[in-house]
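Here the structure comes first, spelled out in structure tokens, and everything after it is commentary.
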Amino acid sequence: MARYNAKDSEKHWQAVWDQRQCFVTPNESAKPKCYVLEMFPYPSGRIHMGHVRNYTMGDVLARFRRAQGYNVLHPMGWDAFGLPAENAAREKGVNPRDWTYANIATMRAELKRMGLAIDWTREFATSDPDYYAQQQRLFIEFYKAGLVYRAEADVNWDPVDGTVLANEQVIDGRGWRSGAPVERKKLSQWFFRITEYADELLTALDRLDRWPDKVRLMQKNWIGRSEGLRVTFDLSDGAKVDVFTTRPDTLFGASFVALSPDHPLSQRLAEKDPKIAAFIDACHRLGTSEAAIETAEKMGCDTGVTAAHPFDPQWKLPVMIANFVLMGYGTGAIFGCPAHDQRDLDFAHKYELPVLPVVVPDAVDAKSFDISDEAYIGPGHLANSRFLDGMSIEAAKNEVASRLEAEGRGKREVNYRLRDWLVSRQRPWGCPIPMIRCGTCGLVPVKESDLPVLLPDELQFTGTGNPLDSHLTWKHVHCPQCGGAAQRETDTCDTFVDSAWYFARFCDTRSEGPVGRKAADYWLPVDQYIGGVEHAILHLLYARFFTRGLHRLGYTDVDEPFAGLFTQGMVCHETYKGHNGQWLALDEIDKRDGKAYLKGTDAEVTIGRSEAMSKSKKNGIAPEAIIDLYGADTIRWFMLSDTPPERDVEWTNEGAEGCFRFVQRIWRLIEDAKPLLPPPHAEIETAEGAALELRRAAHRAIAGVTDDLEHLRFNRAVAEIYTLVNAIGRVEDSIPGAVRREALETLVLLIGPMMPHLAESCWRALGHETLVVEMPWPKAYPDLVRYDTITIAVQVNGKLRGTIESARGADRKALEDAALALEPVSRALAGKPPRRVIVVPDRIVNVVA
RNA sequence: GCCCCUGUGGCGGAAUGGUAGACGCGGCAGACUCAAAAUCUGUUGCCUUCACGGGCGUGCUGGUUCGAGUCCGGCCAGGGGCACCA
């Protein structure tokens, strides 16, 4: 018998689906809608195993929903702007556009070989002028709606490359490419006003009940809401300074006020005092890298100015400038309470400031409560705090807030960690920000009729800085308002802007506006979004913000873009390291007896732990090679098997071979059975004995797989299918052909979403003219799913001592009697009556001796 | 430092508080074969016993319960997120 030829079969069925336009989705339908979306890829060159896993899961769900009768939107596109194209341009002398679109062509072909049920008519890349033109319109509309503004901001400036760097591109205080020490520089930048929605983005998390708790928690922490009090201090030089605190209860433990080096007051004091100016300079030189921050010691500088305690004008607190106070949070100034804040305590020790505990654990006497190296942040009651003494922390917070508010020296306030979203990038391969700077009119949006602002065809990457800025003509324009000479904004949008609304564009990719309202009303929100957890914060938060912006502009009624979110794990593989600690690729080693050797030698190399496949660790496996070898269905099946989808999966050759054998096994099962089968649609008359058991196996598989797919438990669905295959393989040739046909057809329909090509081939082999993709999802008969006889465990004192077979629904007395009659039970009771017998019908009997 | 998640056979993992180890990988034994591959059958947590059987077992440790992998407390280990956020 011929083996299943995956290569030919897959090519054939892909062509058939294509010809019949099986996956082209109408925007109007009587069916219920279902929008299934996987995070779209960056066109880096080739697809990798992570893509295969992601898109397989989405495809299974899309095909499953389609079979269940939904009108399914399952599109694909390209997150096509970004840095790697510029690097390629610089290194290889190619145009970033050419490089990007060549990659897209390659990767599209690879994705098509996976047999994905995608509506390719909706495909677009974010670098398509059609798309970024719409994004520019949105930018201007957001600007007019007050959601975009321009402001000075501290940025990481690489003086050699002449560009701003993202935080991730600053390594140990140096530019990742130039190696030059990064400077902090104030530049005028564009921001999205995401903080306007801080509270809403936070509270709406509670309603996202189909999101992982983990992601919601991460977003919650990122938004970082804290309630506190803004307190005004009077200074000895006549000025005032506001501080923000979440612990107003500890106000009587204050021993200093500290300002950020970037605080306006610090700047002013520096003008008069060179010592202060030198200190602020030193703080800035320390850099912004994480390593620098982590190891930085607390540093301070006394300004000579003092602050009066809000409750006691005679009590003077020194005003310090401290490097650990951030300008970007709260008011950029704090009051320091060393006894109850570790940072303040470290600082107080260094500068010999008083440490007075004002919150004391309830069981401890205030006089004997000392703070040495560790600040006390636990529960307790107030002490050493005049009118607050004896109060609980909560009561004291309220008391302080009320008194200061009454005096006009304080205000209850909520602060967020979340910052506005800086979207300016000094990058040429991005969506140009459609604004013009005019000497007379200021900032002016590009006129509607002048949109889109297209990127120039040719970009010079030889110089430093942004080629858009150094381009000879591109930035020189006339002001849309006064017509005078003006300059284009040469910054482009952060690529996260591109991906913040693409899901809405998919609804109607031909809409004249950014988002087709009618289509958006029909399709949004995305019912199931699938992607990597690495996007848990930024991308997903930006998309949530953007959707609210779209709502405000009238493009949609929804606030939340993704009703369901699933974050899949990564694909991992063993790593190998040579003697010098260098990573070795799989094709540089031989594996023998569980050990690894340098290829063609006896030099043993270290086998490292399994890590996410990556270029740098050289542990990647090319999906193409696996598809060439075994076919798409095998790699799809592997991605779904064994490991729960949210966890990291380890790629193994044995596993892949096992999947390939399973493909062949199903094919053989069908081929072997063909002579025993009646024609399609044969009626089952009666089934008993082995035939009934097979029917039960089939219907239980339907029920199980359906439930598993509903909950994205692909690994369990796979196990259910193995169980069904085992059951079919076990039956004798003599069982009725119609029953056998039912089991096989069930099997084929159930694997349809997971191994779609094999399913079509089997369906055809079973004599059908239709396609599996056109078939409805099979239905389980409850009568055949239910167990009529049940094996009931019998325990003595919670230990298993035997089992009894019982009809479903047998009464307690019968079960108890049967259990007590068991030999091991009576042996354990040794003639004494049981103290108690617990009977849970259809489950268990536990005899308490 | 703070927050979160995860610990089950040789491995991936399964298990509404109710027979721990479904299903797969790997291993072992056998069948087919001149042989190999492929395939099929059986077997496979650990200890003990010729055997029947018995004992132990879900990171450790207490607890709740007739009954705990599952619930609660404490600890240990691994992974992740945030990180001078006042």
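Throughout, protein chains are lettered first and strands after them, A, B, ... in sequence-line order, and every chain is numbered starting at 1.
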Exercise. For residues 722-731 of chain A, which residue pairs qualify under side-chain hydrogen bond (donor to acceptor under 3.5 Å, both in side chains), counting only residues two or more places apart or in two chains?
Worked result: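 Matches after skipping sequence neighbours: A:Trp637-A:Tyr722, A:Arg665-A:Asn726.
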For this session: Not counting sequence neighbours, list each pair that qualifies as a side-chain hydrogen bond (donor to acceptor under 3.5 Å, both in side chains) and has a residue in residues 643-657 of chain A.
Result: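 Pairs touching residues 643-657 of chain A that pass the test: A:Ser610-A:Glu650.
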For [X] and [N], give me the distance from atom [atom1] to atom [atom2], rounded to whole Å.
{"X": "A:Glu646", "N": "B:G80", "atom1": "CD", "atom2": "C1'", "value": "14 Å"}
{"X": "A:Tyr416", "N": "B:A86", "atom1": "OH", "atom2": "P", "value": "13 Å"}
{"X": "A:Gln342", "N": "B:C84", "atom1": "CD", "atom2": "P", "value": "15 Å"}
{"X": "A:Glu816", "N": "B:C66", "atom1": "CD", "atom2": "C1'", "value": "13 Å"}
{"X": "A:Arg647", "N": "B:A14", "atom1": "CZ", "atom2": "C1'", "value": "11 Å"}
{"X": "A:Glu650", "N": "B:G12", "atom1": "CD", "atom2": "P", "value": "9 Å"}
{"X": "A:Leu640", "N": "B:G12", "atom1": "CG", "atom2": "P", "value": "19 Å"}
{"X": "A:Leu205", "N": "B:G81", "atom1": "CG", "atom2": "P", "value": "19 Å"}

Whole-Å [atom1] distance, [N] and [M]:
{"N": "B:G73", "M": "B:G57", "atom1": "P", "value": "24 Å"}
{"N": "B:G78", "M": "B:U8", "atom1": "P", "value": "14 Å"}
{"N": "B:G9", "M": "B:G69", "atom1": "P", "value": "14 Å"}
{"N": "B:G27", "M": "B:C34", "atom1": "P", "value": "25 Å"}
{"N": "B:C28", "M": "B:A77", "atom1": "C1'", "value": "34 Å"}
{"N": "B:G67", "M": "B:G13", "atom1": "C1'", "value": "25 Å"}
{"N": "B:A36", "M": "B:G18", "atom1": "C1'", "value": "50 Å"}
{"N": "B:U70", "M": "B:U16", "atom1": "P", "value": "13 Å"}

Exercise. Strictly by modelled atom types, are A:Tyr329 and A:Ser226 linked by a side-chain donor-acceptor pair under 3.5 Å?
Worked result: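 Their side chains do contain a donor-acceptor pair, which is all the 3.5 Å distance test asks for.
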Exercise. Using the glycosidic torsion, which applies to B:G9: syn (within 90° of 0) or anti (everything else)?
Worked result: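 B:G9: syn glycosidic orientation.
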Problem set entry | Side-chain (A:Arg808) to main-chain (A:Tyr787) donor-acceptor, under 3.5 angstrom |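 Here the side-chain-to-backbone pair exists.
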Problem set entry | Polar side-chain atom of A:Arg812 near backbone of A:Val840 as donor-acceptor pair, under 3.5 Å |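 Here the side-chain-to-backbone pair does not exist.
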Problem set entry | Six-ring centre of A:Phe324, A:Lys298 cation under 6.0 angstrom, axis tolerance 45° |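 Verdict for A:Phe324: a cation-pi partner in A:Lys298.
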For this session: Taking the six-membered ring of A:Trp667 (Phe, Tyr or Trp), confirm whether the NZ or CZ of A:Arg3 is under 6.0 Å from its centre and within 45° of its axis.
Result: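 Output no; distance or angle outside limits.
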Enter the distance from [X]:[atom1] to [Y]:[atom2] here, rounded to the nearest 0.5 Å.
{"X": "A:Phe279", "Y": "A:Asn323", "atom1": "CZ", "atom2": "CG", "answer": "5.5 Å"}
{"X": "A:Arg636", "Y": "A:Ile626", "atom1": "CZ", "atom2": "CD1", "answer": "16.0 Å"}
{"X": "A:Thr567", "Y": "A:Met218", "atom1": "OG1", "atom2": "CE", "answer": "9.0 Å"}

Exercise. Using Watson-Crick pairs (N1 to N3, plus N6-O4 or O6-N4) and G-U wobble pairs, both distances under 3.5 Å, which stems of at least 3 pairs involve RNA chain B?
Worked result: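 So the stems come out as B:1-7 with B:76-82, B:10-12 with B:23-25, B:26-31 with B:39-44, B:45-48 with B:53-56, B:59-63 with B:71-75.
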Exercise. Between A:Ile721 and A:Leu747, is any pair of side-chain heavy atoms under 4.5 Å apart?
Worked result: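 Counting from C-beta outward, A:Ile721 and A:Leu747 do come under 4.5 Å.
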For this session: Could you tell me whether the side chain of A:Thr232 reaches within less than 4.5 Å of the side chain of A:Val241, counting heavy atoms only?
Result: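 No, every pair of side-chain atoms sits at 4.5 Å or beyond.
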Looking at every strand, decide which applies to [X] at a 4.0 Å heavy-atom threshold: base, sugar-phosphate, or nothing.
{"X": "A:Arg216", "value": "nothing"}
{"X": "A:Arg665", "value": "sugar-phosphate"}
{"X": "A:Leu217", "value": "sugar-phosphate"}
{"X": "A:Val649", "value": "nothing"}
{"X": "A:Arg713", "value": "nothing"}

Exercise. Salt bridge (charged side-chain N to carboxylate O under 4.0 Å, His left out): which pairs involve residues 836-849 of chain A, sequence neighbours left out?
Worked result: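 The answer is none; no pair qualifies.
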For this session: Indicate yes or no: does A:Glu671 engage A:Arg668 in a salt bridge with an N to O separation below 4.0 Å.
Result: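 No, A:Glu671 and A:Arg668 are not salt-bridged.
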Could you list, one pair per line, each protein nitrogen or oxygen that sits under 3.5 Å from a nitrogen or oxygen of nucleotides 26-28 of chain B, together with the distance?
| from | atom 1 | to | atom 2 | distance (Å) |
| --- | --- | --- | --- | --- |
| B:G26 | OP2 | A:Arg661 | NH2 | 3.2 |

Exercise. Mapping A:Ile537 and A:Ala333 to their closest nucleotides on RNA chain B, which lands nearer the 5' end?
Worked result: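 Upstream on the strand: A:Ile537.
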Exercise. For A:Gln664 and A:Val848, take the nucleotide of RNA chain B holding the closest heavy atom to each; which residue's nucleotide lies nearer the 5' end?
Worked result: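 Result of the comparison: A:Gln664.
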Exercise. Do any side-chain nitrogens or oxygens of A:Arg417 fall under 4.0 Å of OP1 or OP2 in B:C84?
Worked result: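 Looking at the OP1 and OP2 atoms of B:C84, neither is under 4.0 Å from any side-chain N or O of A:Arg417.
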Exercise. When you measure from the side chain of A:Trp222, which nucleotide among B:C82, B:G54, B:A86 comes out closest?
Worked result: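 Nearest to the side-chain atoms of A:Trp222, counting from C-beta on, is B:C82.
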Exercise. In B/S/- notation, 5' to 3', how is nucleotides 17-23 of chain B contacted by protein heavy atoms closer than 4.0 Å?
Worked result: -BB--BS
